[in-house]
Amino acid sequence: MENRIAILAVIVENPESTEQLNNLLHTYRSGIIGRMGLPCKERGISLISVAMDAPQSEISALSGKIGRLQGVTVKTAYASAG
């Protein structure tokens with residue numbers, strides 16, 4: 001299966017979901033190019049970007065699992081094919 005390049009934008013509003021989120025990122029680490037987290041202490045949230053180079057099915061699976069975490073929102077953007 002062909003790999004795709006994607007960015008996952010993650011907003012964590014519930015800090016209690018952080019451990020589960022980190023476990024998911026660890027599980028999918030083989031497809032993760034890098035990640036950056038920015039705490040917004042004044043708003044009580046964290047912003048995380050996750051860059052991936054993986055099959056689309058793997059990217060979608062990770063995004064779906066992150067989206068099911070309580071108080072966590074995720075959106076995925078893919079690089080155009082080619």
Colleague: For residues 36-54, pull every pair meeting side chain to side chain donor-acceptor pair (under 3.5 Å), keeping only residues two or more places apart or in separate chains.
Modeller: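 Every pair satisfying side chain to side chain donor-acceptor pair (under 3.5 Å) with a residue in residues 36-54: Asn3-Asp53.
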
Colleague: Compare every heavy atom of Arg29 with every heavy atom of His26, then report the nearest pair and how far apart it is.
Modeller: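 Closest pair (atom of His26, atom of Arg29, distance): O-NH1, 2.7 Å.
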
Colleague: Minimum heavy-atom separation for Leu47 and Ile45, please, with both atom names.
Modeller: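 That closest heavy-atom pairing would be CD2-CD1, 4.1 Å.
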
Colleague: Report the distance from atom CZ of Arg68 to atom NZ of Lys65, rounding to the nearest 0.5 Å.
Modeller: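 Rounded to the nearest 0.5 Å, the CZ-NZ separation comes out at 7.5 Å.
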
Colleague: Please tell me if the side chains of Leu69 and Asn14 come closer than 4.5 Å, counting only heavy atoms from C-beta onward.
Modeller: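 No, side chains not in contact.
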
Colleague: How would you list, by chain and number, every residue that makes a side-chain contact (heavy atoms from CB on, under 4.5 Å) with Thr76, sequence neighbours excluded?
Modeller: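 Thr76: side-chain contact (heavy atoms from CB on, under 4.5 Å) contacts with Ala6, Leu8, Ile59, Ser63, Tyr78.
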
Colleague: Please enumerate all residues that pass side-chain contact (heavy atoms from CB on, under 4.5 Å) together with Ile32, with sequence neighbours excluded.
Modeller: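 Result, side-chain contact (heavy atoms from CB on, under 4.5 Å) vs Ile32: Leu25, Val50, Met52.
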
Colleague: If we ignore hydrogens and angles and just use 3.5 Å, is the side chain of Ser17 paired with the main-chain N or O of Gln70 as donor and acceptor?
Modeller: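 Yes, Ser17 side chain to Gln70 backbone: donor-acceptor pair under 3.5 Å.
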
Colleague: I need the Thr73 OG1 to Ile66 CD1 distance, nearest 0.5 Å.
Modeller: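 The OG1 atom of Thr73 sits 11.0 Å away from the CD1 atom of Ile66.
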
